[in-house]
Asker: 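Dropping the structure in here first, questions after.
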Amino acid sequence: MTGFRSFAVCALAVLTAASLASAQQAQRITPNFKDADITQIAEAVSAATGKNFIIDPRVRAQVTMLSSTALSPAAFYEAFLSILQVYGFIAVPAGDVVKILPDANARQIPSIDLPDHVSATSDEIVTQVIDVKNVSAAQLVPILRPMIPQYGHLAAYPSSNILIISDRAGNVNRMMRIIRRIDQVANQDPEIVPLQNASASEIVRVVNSFYQGAAAIEGVAVKVVADERSNSVLIGGDQAQRLRIRALIAHLDTPLEAGGDTRVRYLHYANAEKIAPKLKEQITGITQAAPGATGTGAQASPLAQAEKNAMVWADPTNNALVITAPPKIMRAVMDIVDKLDIRRPQVLVEAIIAEVDVDKSAELGINWAAFSKGDNVPAGSFVSPVGGTSIVDLAGAIQNPANVSTALLQGTTIGIGRIAGTGVNFAAMVRAIRGDTNTNVVATPSAVTMDNQEAELKVAQEVPFVTGQFTNTTAVTGGSVNPFQTIQRQEVGTILKVTPTISAEGTSVMLKISIESSSIGQKPAGAVDLVTNKRTITTTVLIEDGGVVVLGGLIEDNSVKGEQRVPYLGNIPLIGLLFKTRNATSTKNNLILFIRPKILRDPAQAAFETDLKYNYMMDQQKDLSRREALPLLPGVSRGKLEPPPPPPKPGNPTPAPESGAAPEGAAPAPQSSPPPAPPPQGKP
């Protein structure tokens, strides 16, 4: 088999030589090789072109070349160079000979320039020096490097701004065309775009943020700079990019709805005088945190100066805010106002103060005395006050009826006795007193207030209490004495203070509440002035909307028994009753306080609760307006409540804030079910 292959190769070589000889005469060659050694093809090319080849020993390859058309000797040589490229070899001219070497040594082999000696479509190794005029040669190296094969060479000389390329002529020619397209003279004159409404720095920030990613990906050399003094934007770069940026700036440079840097914002629900100081603090914080805000004088940027000069003040007459600020701060302030100027829900707080007091007291006793006006006659008595009165008081009242005290008239008193000039005198008194006091107090104070707003309901009397007294003797009036007293007035009645806070979910209410219920009580023995009964609760509770919670209470049961008697004699059964007095007291106090909040989210719920209270008062008036058989003031009618006005029509809703949408933090929509009924007017 090996002998046959050698024979075929030799026969092919003889045929090729014969065909080349004839082709040389006709100047046309039709090469056809199959598994021929590359040295044999080099011999055929040498014979056809007359070139001398020196083949490196490392050049080894079996080549197949098929052609159906005749080639000239020059075309045959170019085809031979293509074969060398395919198999990783190069042909290096060196005088009258051509060295055929592996392409790994192409960088160290001297080569020729492209335009003068080699065709632009040739596969011959050439070295080209390219002068780059408009762009940086160093910046082109990473762009062109992937287009150069491993054996090629590409380098930049920054001082002269040139590129050095060593590769086959066809690839070098392609690289030169690419470089010529890149190395174009761009329009370097910047365009100035004056702005009429927007801020130049704000426009530049938006444009740079929008084109930053695209410029990094596409390599677009475009630059946008703001001139704060003239409020203009300077654009430099590619013409197509300039047109796109100009169109974007034209869309952004549109006037605000209100126009200018000063706006008047009318508030619907918030208080302008309270919001204005807080907005000033907010603007100060924004300007201090802004870049360039630390500069002073000429060092501060115009934008920082404009932000520093921003101001806001309140007009109480119209409940409006007047704001002067750059667009960025203006938007921030308006967003804050939109969140604060909302319709806050109201809370109806109803309290129930239920008090039931039962006081019972009883006293029973006997007083007696026996004496004689004679000499050396013994005397005896048992005198103990019963209900604040003794037998001595009774004897004094008999002698001087004008000095009868009120305590003597209470209860039942039975007296018997003898008072004479001679003989034994005696007197006896039986006194019994029973007192029952029942108190039933149900107070239902209520108040409506805004969310997070304190409300106070006060139904009380100013009661004077003596705090001190003294006398003053003056010589002007002849030494008369002028008594003087100092008093202090205290409120006695029902006082309700409440601050509701609706939860974020809008289903519960946190109440900071203080309830006081006071009244004037009975003056006990030994008291120098009036006595007040006071019940107070101060607490913070969390209650569901419409729920009732007990705040606190007092349940007290006191029982007191007393007895005064003569020792030993008072312990004798039956007879001992003559020598003792007894008293008993039983007191029961029941005091409970309840609270119920209702969230009034819209005017309909507020009107519903108002109608309930209004109708209740009208019913109470009807009960008091019954006709009398014999009126004391005929023809004089009592005042009465008129029927409540009709509710507002659904077509006239309460105006919403300026933003048009319900702001965040607003209470949720009201429930479809009607609010619960009011508490009963009586015992809970």
Side-chain angles (χ1 to χ4, degrees), residues 344-359 437-461 463 490-521 531-558 587-601 605-606 608-610 612-613 616-617 667 671 673-684:
R344 290 186 295 168
Q346 301 181 97
V347 180
L348 170 63
V349 180
E350 296 176 312
I352 303 176
I353 304 174
E355 181 179 3
V356 178
D357 297 336
V358 178
D359 295 337
T437 303
N438 296 326
T439 303
N440 183 17
V441 178
V442 177
T444 57
S446 62
V448 177
T449 181
M450 301 287 290
D451 185 22
N452 290 315
Q453 189 73 31
E454 183 183 17
E456 180 178 2
L457 175 66
K458 184 182 300 184
V459 182
Q461 290 181 334
V463 179
Q490 296 184 6
E491 296 176 343
V492 177
T494 301
I495 302 174
L496 170 66
K497 294 181 180 180
V498 60
T499 303
T501 301
I502 302 176
S503 64
E505 298 81 7
T507 58
S508 59
V509 181
M510 183 179 69
L511 293 177
K512 183 179 179 182
I513 189 168
S514 173
I515 297 180
E516 176 182 330
S517 179
S518 58
S519 61
I520 299 176
V531 176
T532 57
N533 301 322
K534 182 180 292 186
R535 281 80 64 186
T536 302
I537 289 183
T538 301
T539 184
T540 301
V541 294
L542 183 65
I543 312 175
E544 296 297 322
D545 180 19
V548 180
V549 172
V550 59
L551 294 181
L554 172 66
I555 299 177
E556 184 180 16
D557 190 352
N558 295 329
T587 304
K588 293 183 179 181
N589 297 330
N590 299 293
L591 174 64
I592 305 293
L593 282 81
F594 301 91
I595 196 74
R596 176 173 66 177
K598 293 181 183 179
I599 302 176
L600 308 179
R601 296 183 174 89
Q605 285 187 312
F608 180 83
E609 295 296 334
T610 302
L612 286 180
K613 301 296 184 182
Y616 172 77
M617 293 303 299
Q671 301 175 358
S673 59
Q681 304 295 327
K683 281 188 178 182

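Atom set for the values below is all heavy atoms of this structure, side chains included, hydrogens, waters and symmetry mates excluded.
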Asker: Test of understanding: with side chain to side chain donor-acceptor pair (under 3.5 Å), list the residues that count as partners of Thr538, not counting sequence neighbours.
Answerer: Ser514

Asker: Considering residues at least two apart in sequence or located in another chain, which fulfil the side chain to side chain contact (heavy atoms under 4.5 Å, CB included) criterion with Val358?
Answerer: Lys360, Asn438, Lys588

Asker: Which pair of non-hydrogen atoms, one from Ile543 and one from Pro597, has the smallest distance, and what is that distance?
Answerer: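 That closest heavy-atom pairing would be CG2-CD, 3.6 Å.
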
Asker: Can you list everything that forms a side chain to side chain contact (heavy atoms under 4.5 Å, CB included) with Thr539? Sequence neighbours excluded, please.
Answerer: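 Expected list: Ile513, Ile537, Val541, Leu551.
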
Asker: Does the Arg344 side chain pair with the main chain of Asp451, one donor and one acceptor, at a distance under 3.5 Å?
Answerer: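 Yes, the answer is positive, given that a donor and an acceptor are paired below the 3.5 Å cut-off.
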
Asker: Please walk me through it: do Glu454 and Thr449 pass side chain to side chain contact (heavy atoms under 4.5 Å, CB included)?
Answerer: CA-CA 7 Å; Glu454 183 183 17; Thr449 181; over 6 Å; no

Asker: Once side chain to side chain contact (heavy atoms under 4.5 Å, CB included) is applied, do any residues pair with Gln461, and if so which ones, sequence neighbours excluded?
Answerer: Val463

Asker: Quick one: salt bridge (charged side-chain N to carboxylate O under 4.0 Å, His left out) partners of Glu491, sequence neighbours excluded?
Answerer: Lys458

Asker: Any non-hydrogen side-chain atom of Glu609 less than 4.5 Å from a side-chain atom of Leu600?
Answerer: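 Side chain of Glu609 against side chain of Leu600, heavy atoms only: contact under 4.5 Å found.
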
Asker: Got a donor-acceptor contact below 3.5 angstrom from the Arg601 side chain to the Gly506 backbone?
Answerer: yes

Asker: Going by the rule side chain to side chain donor-acceptor pair (under 3.5 Å), which residues pair with Asn452 if we only count those two or more places apart in sequence or in a different chain?
Answerer: Thr501

Asker: Asn558: which residues meet the side chain to side chain donor-acceptor pair (under 3.5 Å) condition with it, sequence neighbours left out?
Answerer: Glu556

Asker: Would you please name every residue forming a side chain to side chain contact (heavy atoms under 4.5 Å, CB included) with Ser518, sequence neighbours left out?
Answerer: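 Once residues adjacent in sequence are excluded, the partners of Ser518 under the side chain to side chain contact (heavy atoms under 4.5 Å, CB included) criterion are Val492, Glu516, Lys534.
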
Asker: Answer yes or no: is there a side-chain heavy-atom contact under 4.5 Å between Asp545 and Thr507?
Answerer: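 They are not in side-chain contact.
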
Asker: For Asp357, check side chain to side chain donor-acceptor pair (under 3.5 Å) against everything at least two apart and list the hits.
Answerer: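 For Asp357, no residue satisfies side chain to side chain donor-acceptor pair (under 3.5 Å) once neighbours in sequence are set aside.
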
